[in-house]
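Notes to accompany the following structure.
Residue numbers start at 1 and run along the sequence shown.
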Amino acid sequence: SGAELQFDPAYEKLISNISLYTFDISSNKKENNSLVIKKPYKFKCPEEKGEYYYILNVLWDENHNFDYLFKIKVIQ
């Protein structure tokens, strides 16, 4: 695929950090290759065929954050 995905978070001015992590579903752990996303909040999809899992972490302050797990399936 290699396409870029972009998203527009609500309450953007209150967000202090957004991180995107690759996720190995078999080990249930975040891999070491975390990537901090800055404006315009986009990332490149993998090019090789397969299923890829990600955790998107949005941080507002020390006590408020949100994690979202999603999957991208490349079917070339």
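Atom CD1 in I15 sits 11.5 Å away from atom CG in N65 (nearest 0.5 Å). We find the CD1-CG distance between I37 and L20 to be 4.0 Å, quoted to the nearest 0.5 Å.
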Are L59 and I18 close enough, and set up right, to give a side chain to side chain contact (heavy atoms under 4.5 Å, CB included), and what steps lead you there? CA-CA 6 Å; L59 177 67; I18 295 179; over 6 Å; no
Test I72 against L5 for side chain to side chain contact (heavy atoms under 4.5 Å, CB included), laying out the working first. CA-CA 10 Å; I72 294 176; L5 289 183; 3.6 Å; yes
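Applying side-chain contact (heavy atoms from CB on, under 4.5 Å) to N57 and the options F66, Y21, Y68 leaves one that passes, Y21.
Y53 pairs by the side chain to side chain donor-acceptor pair (under 3.5 Å) definition with E51, not counting sequence neighbours. Partners of F7 under the ring pair (Phe, Tyr, Trp, His ring centres under 6.0 Å) rule, at least two apart in sequence or in another chain, are Y41. Under the salt bridge (Lys or Arg N to Asp or Glu O under 4.0 Å) criterion, K49 pairs with no residue at all, not counting sequence neighbours. With sequence neighbours excluded, no residue forms a salt bridge (Lys or Arg N to Asp or Glu O under 4.0 Å) with E62. Residues that satisfy the side chain to side chain donor-acceptor pair (under 3.5 Å) test with S19, not counting sequence neighbours, are N17. Scored by the side chain to side chain contact (heavy atoms under 4.5 Å, CB included) test, D61 finds N63, H64 as partners (sequence neighbours excluded).
A salt bridge links K42 to E4: at least one charged side-chain nitrogen sits closer than 4.0 Å to a carboxylate oxygen.
A centroid separation of less than 6.0 Å is found between the aromatic rings of F43 and Y54.
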